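Remarks on the structure that follows.
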Amino acid sequence: MLEKLKKKVLDANLSLPLHGLVKFTWGNVSGIDRKSDLIVIKPSGVPYKKLTKDDLVVVDMEGNIVEGNLNPSSDTKTHIVLYKKFPGIGGIVHTHSVWATIWAQAGISIPALGTTHADYFYGSVPCSRKLDTEEINNDYELKTGDLIIETFKDINYKNMPGVLIRNHGPFCWGKDAETAVHNSVVLEEIAMMAYYSKSINPDIGSIDKELLDKHFLRKHGDNSYYGQK
């Protein structure tokens with residue numbers, strides 16, 4: 001079932017340690033088949049070195065296991081909320097990558113300071129509010145997904161393919177699992193760049209709107225011209 005999607009999701013998961021985004025089992029990637037509304041996701045707690053295509057779990061949009069012998073990622077409900085609310089995405093990544101998590105633990109959005117940031121994220125990468133006690137103790141992973149949706153009530157998820165969950169870490173998404181990983185790598189890099197830029201110049205301001213528009217829209221706008229057709 002969904003063998004091609006499983007291969008893509010496996011490759012995306014295996015790329016996380018190669019890009020330095022995870023240690024041990026601190027992360028997961030999923031992908032969705034929109035025709036069947038079935039999700040392929042990493043199993044919970046399985047080390048990347050041992051992960052195979054047969055280990056991946058297929059779940060439906062209610063979290064029921066359709067195929068697989070292992071428990072799906074503990075973050076599955078968060079992924080499901082995003083797939084339901086963000087219909088244009090095909091892959092999701094969650095990690096505890098160091099630099100992005102530093103900003104999440106600090107509870108601060110990552111400001112758009114330069115063109116590297118602007119090439120992928122159309123403005124500051126938002127950091128959510130804290131979950132309250134009731135949210136933590138009642139369906140925590142589902143509430144985490146709801147928190148992301150709340151954070152994006154005035155933000156276009158297609159223009160901002162990532163978020164920081166306060167005190168937790170980043171989630172990123174994209175048109176497929178590979179793109180979601182790509183965005184995760186970029187998020188980690190711009191988190192590091194922003195930290196050092198702020199350290200050198202604490203008074204640095206955000207990138208000019210004109211330059212932000214130019215760099216984001218030349219790659220992602222209706223009249224984009226970056227790369228090959």
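The structure displayed is predicted, hence computed values, not measured ones. If you read the sequence from its start, that first residue is 1, and numbering goes on from there.
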Over 12 foreign heavy atoms within 6.0 Å of CG, N201: yes
Min side-chain heavy-atom separation V186-F121 under 4.5 Å: yes
Min side-chain heavy-atom separation L217-Y225 under 4.5 Å: no
L187 with L212, same ILVMFWY side-chain cluster at under 4.5 Å: no
Residues, nucleotides or ligands: over 12 heavy atoms within 6.0 Å of K23 NZ: no
Side chain proximity check, L2 to V58, heavy atoms < 4.5 angstrom: yes
Side chain proximity check, I110 to H117, heavy atoms < 4.5 angstrom: yes
Under 3.5 Å: donor-acceptor pair, side chain of S197, backbone of A194: no
D55 side chain vs T52 backbone, donor-acceptor pair below 3.5 Å: yes
Any side-chain heavy-atom pair of H19 and V181 under 4.5 Å: yes
Joint cluster assignment, M1 & L5, ILVMFWY side-chain distance < 4.5 Å: yes
CG on L82 to NZ on K77, rounded to 0.5 Å: 14.5 Å
Polar side-chain atom of S224 near backbone of Y226 as donor-acceptor pair, under 3.5 Å: no
V59 and V66: CA distance, side-chain angles, deciding distance, side chain to side chain contact (heavy atoms under 4.5 Å, CB included) verdict: CA-CA 5 Å; V59 300; V66 176; 5.7 Å; no
Gap separating the CG atom of D139 from the CD1 atom of I136, nearest 0.5 angstrom: 13.0 Å
V163 with L147, same ILVMFWY side-chain cluster at under 4.5 Å: yes
Co-membership, hydrophobic cluster, residues V98 and M192, 4.5 Å side-chain: yes
Close side-chain approach of M193 to E188, heavy-atom, < 4.5 Å: no
OG-CG distance between S30 and N13, expressed to the nearest 0.5 angstrom: 8.5 Å
Donor on one side chain, acceptor on other, H94 and H168, under 3.5 Å: yes
Shortest non-hydrogen contact from I207 toward A118: CD1-CB, 4.2 Å
Residue pair I39, D60: steps toward the side chain to side chain contact (heavy atoms under 4.5 Å, CB included) verdict: CA-CA 6 Å; I39 298 164; D60 64 19; over 6 Å; no
From OG1 (T25) to NZ (K50), nearest 0.5 Å: 11.5 Å
4.5 Å side-chain heavy-atom contact, Y140 and E135: no
Sub-4.5 Å side-chain heavy-atom contact between V29 and I92: no
Audit row: K8, D176, salt bridge (Lys or Arg N to Asp or Glu O under 4.0 Å) steps and yes/no: CA-CA 9 Å; K8 291 180 179 180; D176 52 29; 5.7 Å; no
Geometric class of the F216/Y122 ring pair [parallel <30°, tilted 30-60°, perpendicular >60°]: parallel
Ring pair (Phe, Tyr, Trp, His ring centres under 6.0 Å) between F86 and Y157, intermediate numbers included: CA-CA 7 Å; F86 295 166; Y157 70 89; 4.4 Å; yes
Heavy-atom closest contact (L70 atom, I65 atom, distance): O-CD1, 3.9 Å
Parallel, tilted or perpendicular: ring planes of Y196 versus W99, cut at 30 and 60 degrees: tilted
Non-hydrogen atoms of I32 and I89 that approach each other most closely: CG2-O, 3.9 Å
Evaluation steps, side chain to side chain contact (heavy atoms under 4.5 Å, CB included), between Y83 and R34: CA-CA 9 Å; Y83 284 128; R34 288 292 183 180; 3.7 Å; yes
R129/E150 salt bridge by N-O under 4.0 Å criterion: yes
Common cluster, V40/V46, ILVMFWY with side-chain heavy-atom separation under 4.5 Å: yes
Side-chain donor-acceptor pair present, D119, H215, cut-off under 3.5 Å: yes
Geometric class of the W26/H96 ring pair [parallel <30°, tilted 30-60°, perpendicular >60°]: perpendicular
Approximate separation, where rounding is to 0.5 Å, of F171 CZ and L164 CG: 11.5 Å
Shortest non-hydrogen contact from T101 toward P170: OG1-CD, 3.7 Å
Distance under 6.0 Å and angle within 45° of ring axis: K42 vs Y48: yes
Crowding at NZ, K130 (>12 non-hydrogen neighbours, <6.0 Å): no
Contact summary for T151 and S128, nearest pair of heavy atoms: OG1-CB, 3.4 Å
Atom pair CG/OG of L21 and S97 - distance to nearest 0.5 Å: 5.5 Å
Shortest non-hydrogen contact from T78 toward E141: OG1-O, 2.7 Å
Derivation and outcome, side chain to side chain contact (heavy atoms under 4.5 Å, CB included), residues S184 and V93: CA-CA 7 Å; S184 297; V93 179; 3.5 Å; yes
Salt bridge (Lys or Arg N to Asp or Glu O under 4.0 Å) between E134 and K143, worked out: CA-CA 10 Å; E134 183 177 353; K143 294 301 192 300; over 6 Å; no
Backbone of L211 reached by a side-chain donor or acceptor of D208 within 3.5 Å: no
More than 12 heavy atoms of other groups within 6.0 Å of K198 NZ: yes
